[in-house]
Every structure is written in structure tokens, then in C-alpha cells.
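So you know, we letter chains A, B, ... as the sequences are listed, proteins then strands, and number each from 1.
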Amino acid sequence: MFNKILIANRGEIAVRIARTLQPMGICAVAVYSDADRAAVHVGSSDEAYPLEGNSAADTYLRGDKIIDIAKRCGADAIHPGYGFLAENPTFAQACKDAGFVFIGPKPEVMRRTGNKVEAKRTLSAAGVPVVPGWSGGSNEPAARFANEAKRIGFPVLIKAAAGGGGKGMRVVEREAELIPSIEAARREAAAAFGDGQVFLEKYVARPRHVEFQIFGDEHGNVVHLFERECSLQRRHQKIIEEAPSPALTPELRQRMGEAALRVARAVGYTNAGTVEFLVDASSEFYFLEVNTRLQVEHPITEMTLQQDLVRTQVLVADGQRLPFSQEELRPRGHAIECRICAEDADRNFMPATGTIERYVPPMGPNVRVDSGVAEGSQVSVYYDSMLAKLICWGQTREEAIAQTIWALDRLVILGLKTNIAYLRSLLTDAAVLRGEMHTQYVAQRSASTIAGASGDSARVGDDVLMAAAVAMKDGAGRSGVAPRSGEKATRDSGPWRAASAWRNT
Amino acid sequence: MFNKILIANRGEIAVRIARTLQPMGICAVAVYSDADRAAVHVGSSDEAYPLEGNSAADTYLRGDKIIDIAKRCGADAIHPGYGFLAENPTFAQACKDAGFVFIGPKPEVMRRTGNKVEAKRTLSAAGVPVVPGWSGGSNEPAARFANEAKRIGFPVLIKAAAGGGGKGMRVVEREAELIPSIEAARREAAAAFGDGQVFLEKYVARPRHVEFQIFGDEHGNVVHLFERECSLQRRHQKIIEEAPSPALTPELRQRMGEAALRVARAVGYTNAGTVEFLVDASSEFYFLEVNTRLQVEHPITEMTLQQDLVRTQVLVADGQRLPFSQEELRPRGHAIECRICAEDADRNFMPATGTIERYVPPMGPNVRVDSGVAEGSQVSVYYDSMLAKLICWGQTREEAIAQTIWALDRLVILGLKTNIAYLRSLLTDAAVLRGEMHTQYVAQRSASTIAGASGDSARVGDDVLMAAAVAMKDGAGRSGVAPRSGEKATRDSGPWRAASAWRNT
Amino acid sequence: MWRVTLRSEPGAEPVEIELERTDAAHAEAFSARRGNEHLEIEVERTGPGSGWLRVRGRIVPFHAVRRGNVVEVWTPGQTHALEVVDRQARRARAGGETTATDRVTAPMPGTITKVNVSVGDTFAAHAPLIIMESMKMEMTLSAPHAGRIKELRCGVGELVPMGQILVKLAPLEETNAAS
Amino acid sequence: MWRVTLRSEPGAEPVEIELERTDAAHAEAFSARRGNEHLEIEVERTGPGSGWLRVRGRIVPFHAVRRGNVVEVWTPGQTHALEVVDRQARRARAGGETTATDRVTAPMPGTITKVNVSVGDTFAAHAPLIIMESMKMEMTLSAPHAGRIKELRCGVGELVPMGQILVKLAPLEETNAAS
């Protein structure tokens, strides 16, 4: 078994991975950019080394720096988390070549599935249903795209061949928008993945996004760990996920699970992965892509199965057999994840930056918070706007929703705008309560909501005014807030000092 | 369903009950003594009313005050938690008479099982194995006890007929100690339970304490929710509990489960209860007592079954059917609870009091902390010394132990002595790791440990010295700690101000 | 007695709240007045800016931080930014803000990835002038009206804070008049 | 340069630690000296008395609070109370403490539930003098030696703080000599 694993990531996922490694007796090594020197993922690790620099391209995407640190600190293996280098086969190969175990699928599997165009061809041949589309080469002239888009029929979807997480993805409604959109998508894809290749796909109207967690070991065993419903998305990024999907009948679940296993076997999958499907209004499903990494939303699977997916990743990477068979995996209850992001729901979910002045996560049975921030954390422009994930479990979907609302109502984040109130409003939305979501639902709903999407439009009541008054009274008479990391506030310059509006009469 | 439930308790259990009620849409009403005005259980409630006074006898044991508050605030039901009035049939009857649902078994069932002497007679007749013993009336002359003790054979155990939690319980090794011990036990029992009756029992050497959770509804359904092993005790109080018991074979578990159901049926049990058994070295088991309440250690059952016992209590109290059948209850994995107490393990676990200056509970998947305190909480002499419960889950016993040690290592409590290091030392004890515990194990081990039981005897290393130096350096240059509730520290009197030992050279 | 004036959102009526101690034994039992309404409240503090109110038995936890004249307040399920109204400042601040159509500013902090125009260029309304990226999201900043570039204040690769002026614009009329 | 002297437990050798800044760019990068040993450390603060050290790559989280001349320090899995040694105080504090056999004090805060003796009573060694209760635990306070009650400073029902003198004792010899 490994003695030391380098976690090539940041934020909540780096913290979460360390939490699994440490009780296993494995030393968790963090890496950090200059901006992340005081970040929670550093303080949660056993060892930490600087990457120097700030942009992702200079730090968490620099495989060479990371492998160099792994060598110097004597790590046995590297866990890439999600994003950054997680689905980069060149990095996975470089780890292997340098003598480190890469905790994920083999580079050749990542290549086979990472290029979505190629993956669709292979899997269609293996009998997995796929969405109709067209893909040219890397430098296909834009005009060719226009012809193919007309053939497929508008609206079409432009997607990055190497992509994921909605980056480089665009819906094109009319022919006139096609060329500029392809250019923009190529630019985004090149910046995000180092590969500007894009392809076209038939745009399936109001589809659900349902994905299956898969796991394979090096002894030929492959299982699926059931599905996650991820239809609630904004800007093509998931914001609320749940397991099980309210849309799947036991029969459909069975068929999709089998399709997921067919995908896994067709590409010789090892370690953790996810097979994404679109499910249309008539419950037809289409293979979308394979994500060759741990997903952001893996905790909802963990909660319904009481399995630790990171632990399983480590065991499988160590060459061990999967610790469970398909028959032993029995989901129980219902889990919901909310992605807590620094963003302004009233301004098209624009990312917000700043200092987290107050952070109090909710605690309780069936409430899990995977957090990458703490009081005093700086949220910078350099990285993703997700601060934390709130994962709640209930015996039924209704209980899980009630538990999630309870927890959202008790999650305190002050200092910057967050989507907490927006998430809450989604969980009280009639269509969502009925389980009738699709991937465009958030966008359509925002457009039709008059008074701002944030959900914070509730009138300011007496409780709020009294609390503000009481807090200010305290502030005026007291010593100031606790100094926070990086903030060298002196005693007289604290945020509570200048309470000049108060008069002692 | 209920709209408003009064929680007639304090500390972690009051907080934990509120956390279940709130997502159910039920208003959680707290009550509080003067000392608890700023306590966490008040801040976690939806409504709170003062009991006025400080001692338990003046506050949380005053059924009349509590019923009066329930009337004034319009509660539908009263949840007693554990301890205080939880097993008091007079209070349960008074609730009923005043028109409130008492969330627990019926008063007549509490009476039937609450008197241990009577319960033993009834259940022995019903074919449940019991420990040999003798019980006189309330005012039996002490000399009579001496004769009976000789008949049973020393050592004997003196127990309070109305008791629980080790209060009033004494082991008597020699005849000479018998009379003073009976007097002391009667005094303690009278003070704690308002009933001085005690009885004798054959002292079973090195027994395990294994208990079964039972649940009954008002429709005649009774189930058991498997066992908890509670053999690690100090001063007859459990400090570490686990589920399942490492001592039970599937066959023994089956037989004990059936015996627990026989007990439940014999007394017509409804709502949550626990049937306690002693298991001796040859795996014979004896009925010990029925606890007609939610146990402190109920969360380990919740984690292995993914069931919310408080929720189930509420549903059953509402007259609903049990939401699960015996066949549906399948425990998964292994859970361990550690009771975090303010006490000095080096001084015979003597309770410690003071202010909690720093409190940081560990967070992570499979880690649950049920806490009754926060930073700034005052731990007074008035109530129990338990501050919080740490409950960890793992796929196997080994994983659960590793997870618990990880969490104990990351639980920060400064300001008063706690048993954290002691709990850790128990979880690395060879006998405990082999699962070979009995109820005297902690006492025997303490006696045989030379350099203090606390486990904090580790030499002070460089890390600790550097951390102290760095913290003091900060303190000397900074504004002082955040003011805490109730503590009206001025800016210049903070604990970090008088760092006179530092010289700026 | 303590008094504070708060405004719940820009343009809303300012609300004055007075707190008066009511119980000699409890330092933080107040009678709170808002207009003609009185409310009895008790306060327990758990830290600076944090605690809970007890309002007729109801428990209202709160957390608050203040930055400048904004107090950000959390109560369960709600977060609000209230303006602290300083009477003197209120009187002094008479002049309005100009609705700036003469510039394009950064709507969020981020990196400039493309600049489509140079000083002197003319453009149609809604023309994409600048492309920037923040937290991996690309955003096109378009012209609010037809016009001409007067000044260019950013370059590709530059990291800009929120609100920074990126280009200054002249309306087409002005352009015509000047040329 | 900063300097502090700590003692890890009563009677232990005092340890002097010096911190010297090593990096102009990082306010909290130090060379720490303990005797002849040097250690390079970096500090990140997360709050007053809290943060982590980076010692040759290793991360050591810490929390500390100070009360009087005791600094209580948490690092993962360990909590220690260290004495902060003030040189002047060290020199001044020459006189020893008396090992008090002339009294019985409350070993913990609690309520007196029984007083078995009155002033003037004589008792044997290990005789139960006082019974008290704290957090529902009963505790018998016994005589450290045979003797006579000189003074009784508590009564049944009284709540006493830790360390309070409950009875003052005279040894039996003294009793004999006096009577």
C-alpha cells in the first residue's frame, strides 16, 4: 500500500481526498499556488509544497512541477482530483514514466474516451446509443461546420472534443451565429484544455442529464454504482445533483446500468469513472461522454451506498480487487448535493470575488459539507467559483429536500455574494419538487422570473433589522472582529470601528 | 402531525432532537436554566423559554414548570431526551393529563420496566434469562441485605431500583463494606431518582454490556434494531460504544434479538427503548434492564442502519406505523461513539469545569459530532460533564477505529481538561483492538497504568514548543481573542495581552 | 439609548431603530422601537457580530459583518446587505451618479483575453469590444451604443479588478461633430 | 528577534526559543533556535492563536490560548499546558509551597451533601469527613491523617469552587498538647 500520495489539486476536493488518505495511514501531500498559501487544503494536509505562480496554467496545470515535487517528497502516487490535470493522458503517462502511480484510469483509456468524437464512434459500434452529430478534424474550415450543422438541423451544440464541465460548449440556434460561436468555442477549448478541436451534435431539447458511476479494477472486474441525476445546470455546469434519479424506473435503471457497463468494458476501464447519458422526454437515452475522473458530485453516490469512492480509487490503484460486487451494491435513501458558489444569481451567475468574512457550515446527522474555504479565505479570480458542496441525505426524496433546505438555511457565508438563496429557491420550485427537470430548466426559469433570480428578494423583515441594529450596537462597543489570515488589521481599523451612525443619547 | 414539540432537556441531545424536528417542519421549543441562557441548545431552537434556577432539581427536573411552558407556547408534544425526566412515569402521565403527547413509552410501561426488581421478576417469568439476585422492600433493614449477600456470594452489586447510568450502583467485595455501601447507594439513588430503593445482584465477573435497540408502535408492531456493545465504561458510565458488537456471532445475535423482542412484547413496549444484557465469558447472556428512553449512544445504530431514531420516535408518537419491518433493517458497516467529557483522566476522571476557549470539531465524510457546546460555552457543576459525542463510521471495525482516531486527533478543545487523549489511548489498546473488552476493563487498565491514564503523557516535542512560541508571538502583537459570550473582556485584558516574557530585541 | 438608521435597499425609505435597556439584571434586554412599534428583545452573543435574538420566545440567530457603510446580515435562510445611513453624509450626498454610457467597465475581476478595437475605431451598438475571462468563464463586453473609441485602458493578458474602466467611448454624434 | 521561555511541565528544564525573520517577502518565515538547534519554519494564521506551521514541508496545525502564565497548545492528537517562564518572576519565586496536610479542600467544584464532623471532633486517618457531589458523582473526602477538626468552613447544600478549604485540621499530637 502507498505511504505518501500527492494530491495535485486545490479547494474542497483536495481537502476531501486528504480526509480519506489520513485515516488509511497515508501521508497526504498538498501543492499550492502563491494565492493558496493560506488555503484550507494546505492546512488540511500532512505536507505541502509551493508551485509558485498564480494562474492555473502556471501552477495546478504544471505537471512538470508537480512530478518534481512528488520526486522530492518521496510520494508513491498522485491523485489528480477533478479538473486541472485529472483527464490529461499526457500527465498520467508522465506520472507513470516517473515511477508514480496515477490514481485514475490508464492513459490509453483516457485517450480513448477523452476525445469525445472518437469515444462516440467506438461506443456506437459497441451498441451504445449515441446522439447524432458530426466532427471534423482539428483545423476543419468553418464553412464545413455550417454545412454539417444544416444537415443535422438547428439548434446544434458545439462541444470541445477534449472538454468537460461545459467549457467550450455552446448552443447555436441560427446559422448566422455558427461561425463566431465556433471561433469562441475553439478559443475557450484551447485555453482550458490545450486542444481547440470542437464538434457538432444534435441538440436534444429539454433532456435530462443522468450519469452512472462506474468502477473497474485491474483484474477485469467492472461494476456500476448506480446513477446521479444532474439536470439542474446553469451555464452548462451542474449546480444541484441527486441520487437516485426521480426519472428512472427500475427497468430503465437496469438498462442504463447495463449500457454503462458495456461502455466500461468496451474501453477496458479501470478505477473510477462516469458514463454520462442524455435522457429525452420519451425516456430514450443517449451516451454523452465518459468522464475519466472522480466527479464533483461523487458524494451523493457515497451517501446512498455508504461507500468511500476515494478509498476505493486508492485500493484499485494499488492493484487490489474491487471491495464490492455488483450484487452487494444496494443504494439506500436519497442524497442531494448543492454546489455553493461565489456568484451573483441576479447578474447571470457572474462569479464574485472577495474575502469570506464569516463562514459557518451547518452540522447535523445526514448533513455533509465538503468545503474548500474557511473564515478569512480569499476567493480570487484565478480558480473556480465553487466554495463548498452541501450534501444531504434522507430516507426519501422529500426528506432529502427538506434536509437540504434546512441546511441551506443554516449555512452562513458573509463577505461575498453566493448562490445559497438561489439554490434554496430551486428546491422549492414546483417542477423541481415534482422531479421534472431538464438541463435547460434553470436558464428558462431565470428568464421567466421577474424580480431577480437570487431568491434573496424577500422583503427585509423586522428580524433582519433588529439583528443588524444589535450587531452594530455590539460592534460599536466592542473590540472588533477577530483578525483573519492575511489581513493585518490593526485594532482601530476593524470593520466594526467606524459605527459613526450610532449616537449614545 | 405535530406542529410544535417542547424538548425537555439540554446539551447535545436537545440540539440533536431539534435538528430532526426542524426539517420535519416541526417547531422545536427549548427550555433553559439561568446557567444555560447562552447555551447552544437554546440558539439551535426555534423558540426558547426560561426555567429559572440552576440546579437540575430546580429546572430540568421540574415537570410542572415544563408542562406550564408547553401550555403557554402551544406545544403539541414533549420530547424528554435522556436523563432528567425521560424515565419518570409520573411526568409522562402528567404530560398526558395536560393534553400533551409524551414522546416515549406509556407511563404504565415505564413503571413496569422502570423498577428493575419488578422487571426482572416479570421477564424471568416470560423466559428471559436474568442475573441471580435479591430485592427487599424500600425500608428493608440493612442486616437482611447482609444475609442475602452472603447467600448470593460476594462480590455482589448494589443497584438502585429506579436507577440508570451507574448512579447508586456499587460493587461490594467484602461483607464489612456492605452496610456503608448500601447507605451511600440509597442516598445517591434518593438524590438522583427520588427513590432510595436498592437491590442486590450476583456480580458477574468481566461481563460485556451488550444492548439491543427496540422500537414498538401502537399497532402492535415490535422490531429490534440490532445491538450496541457498551463494555468500555468508567465509573459505570459508558465512554465508548460500538455497533455491531465484536463478540456476537450471527447465531448469538439472532438469539439475543429474539430475547429483546420477547422483552418488548412482554411489557407491551411502544416507542424507542433499549434492552440491556450482560454477556459473560462463555457467551451466556442475562437480561439487565430496559431503558425506556432514547440512549446516549443511539447514533451508532442510526449510522449502521441509516435510520433517524428521533424521527421514528415522533412518527410513532403520532400514532403512525413503524416505517420499517424487521426484515428491512440491515445494518451496514461499523460505527463507534466516543463520549467527549470535561474530566481529568489522570485524577480518576474527576469532572472539570470552566470556559471552552477554543472548540473545533472535526469534519469529514463518516464523521458526525453531536455537540452541546461551542466556543465560549461555560461548563458548570450543575449538569453532566459530557460535552459532545463523536460518532464515526467505517466499512469494517478497523476502518471505524482508524476514522475515530483521525477525528479525535483533530478535535480541538482548549480551556478545560477533557478525556480526548484518554479515549485515543483506549482505541490503540491491544485488547480493545482485538475486541476483548468487559465492563471492568477501563478500571483495571487505569490501575495498571503507571504514568497517568490521560494518554497526554507524550513528551512535549519541538512542534508543540514552536507552535506555542508562534502563537505567543502573534498574541503579543495582536488585538486579543474574539470576545466570547458572557465574557465582557475589554480590549486590553484579553488572554493574549500579558505576554511579558517576550522581548523584542 | 442607541439609535441607528438603516436602508434595506437602494432607494428604500430609511428605517430608524432605537434600542433601550429594559432589565437591570440582563445587560442585553432591550425595548426596540421602530416608528411607533415597540418590540421586546433579548440578545445572546456568541462572538463579535454573532449571536441570537429572543423575540417573544422566538429565537433568531444572526451573523453580521460591516464594511464601510454596509452591514451584511445573515438570519436563517436570508442574507441582506443594509446601508447604514449617516445623517450628515445623507445631507451632504446630494449630487447623483451619472449613468455611465461613456465607458465600458469590467463587470467582474478577470483577465482580458481579446481586445477587438483600437483608439479611434468606430463601432455599431452591441459590437463586441472586449473579451475577458474570469474563473474560466468567457464574457463578451459589447458596446452600449454606436460610437468611437476615445481611450483604451486595458491590454490582452492584463488582470483587471471589478469596475475598472476598460475603454472610454464617444457617441457617434460627438464623433461626427469632432471630425 | 522574538524570544520566549517555556516549561513543558512543573519541574522540567525551561526551554528558550528564539524566532528570527528570514524572508523579507514573507512576514512569518522564521529561523527558530532552541539551544544549538535551528529550524526553518513558516506560519500561516487562521485566527488569533490559531494556524499552522510548515516545518520542512510538514504541516503542523495549532491552536493556543493563554491564561496567566500558562499557554495551552493543541497540535493534532495532543494538548499541552506549558508554563511561560518570566525571568524576573522566576527569580522572585524562591519560597516553596507547603504540602497542605492541615486542611481538606474541594478537589472539584460541587455541592456539599454531607458533613460527618463538627469542630472539635477527633477522627482516625482515612475517616470520611465530607461528602460532596459534582455532576451527579458522589465523592467522599477522607482525613489525610488522624486528628481533630479545627475549623469547619462549609455546610450541607453549599456550592463550593475547586480548591476551597472545607475543613482545617490539627494533628492528634497537637490536640493532645493543647487539651
Side-chain angles (χ1 to χ4, degrees), chain B residues 4 6-7 14-15 18-19 21-23 27-32 34-52 68-75 355-360 371 373-378 479-491 494, chain C residues 1-4 6 17-34 37-82 84:
Chain B
K4 191 181 272 197
L6 185 148
I7 302 165
V15 177
R19 281 179 180 156
L21 299 184
Q22 288 164 342
C27 177
V29 180
V31 290
Y32 58 95
D34 291 345
D36 278 343
R37 200 181 68 191
V40 175
H41 82 275
V42 179
S44 307
S45 70
D46 299 306
E47 291 184 21
Y49 300 93
L51 289 167
E52 276 153 24
D68 188 50
I69 290 171
K71 284 179 187 160
R72 281 190 286 130
C73 75
T355 301
I356 296 184
E357 301 277 352
R358 199 61 57 91
Y359 181 72
V360 187
S371 176
V373 296
E375 250 165 55
S377 290
Q378 304 286 336
S479 63
V481 299
R484 295 191 172 76
S485 178
E487 189 191 308
K488 303 285 173 196
T490 62
R491 249 190 291 159
Chain C
M1 189 202 282
W2 282 92
R3 191 180 296 161
V4 70
L6 299 166
I17 294 165
E18 281 178 5
L19 299 178
E20 189 150 22
R21 270 186 69 175
T22 51
D23 181 356
H26 186 341
E28 302 225 79
F30 300 108
S31 171
R33 193 183 62 73
R34 178 195 170 176
E37 294 168 64
H38 280 266
L39 212 55
E40 301 305 307
I41 62 174
E42 279 173 43
V43 185
E44 300 299 334
R45 310 270 179 193
T46 56
S50 299
W52 65 78
L53 310 179
R54 206 168 142 260
V55 189
R56 298 196 192 98
R58 270 192 321 115
I59 300 292
V60 182
F62 67 87
H63 292 273
V65 293
R66 182 171 179 184
R67 279 166 309 175
N69 68 335
V70 172
V71 58
E72 205 181 341
V73 190
W74 175 93
T75 57
Q78 291 184 48
T79 302
H80 291 281
L82 308 180
V84 183

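- Other residues, nucleotides and ligands contribute at most 12 non-hydrogen atoms within 6.0 Å of the CZ atom of C:Arg56.
- Contacts with chain B were tallied for C:Pro76, C:Pro61, C:Gly57; C:Gly57 has the most, counting heavy-atom pairs under 4.5 Å.
- Residue contact with chain B, scored on non-hydrogen atoms closer than 4.5 Å, involves the backbone and the side chain of C:Arg58 alike.
- Neither the backbone nor the side chain of B:Val29 comes within less than 4.5 Å of any heavy atom in chain C.
- Summarising the geometry of C:Arg54 relative to B:Pro50, their closest heavy-atom pair is NH2-CD, 3.4 Å, with the distance given to 0.1 Å.
- The side-chain hydrogen bond (donor to acceptor under 3.5 Å, both in side chains) search around C:Arg33 returns C:Glu18, not counting sequence neighbours.
- By number of non-hydrogen pairs under 4.5 angstrom with chain C, the leading residue of B:Cys73, B:Ala30, B:Ala374, B:Ala39 is B:Ala39.
- Within the structure, the ring pair (Phe, Tyr, Trp, His ring centres under 6.0 Å) test picks out the following pairs touching residues 52-76 of chain C (sequence neighbours left out): C:His63-C:Trp74.
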Next item on the list: For side chain to side chain contact (heavy atoms under 4.5 Å, CB included), just list the numbers for C:Ile59 and B:Asp46, CA-CA rounded to whole Å, side-chain angles, deciding distance to a tenth of an Å, and then say yes or no.
Entry: CA-CA 5 Å; C:Ile59 300 292; B:Asp46 299 306; over 6 Å; no

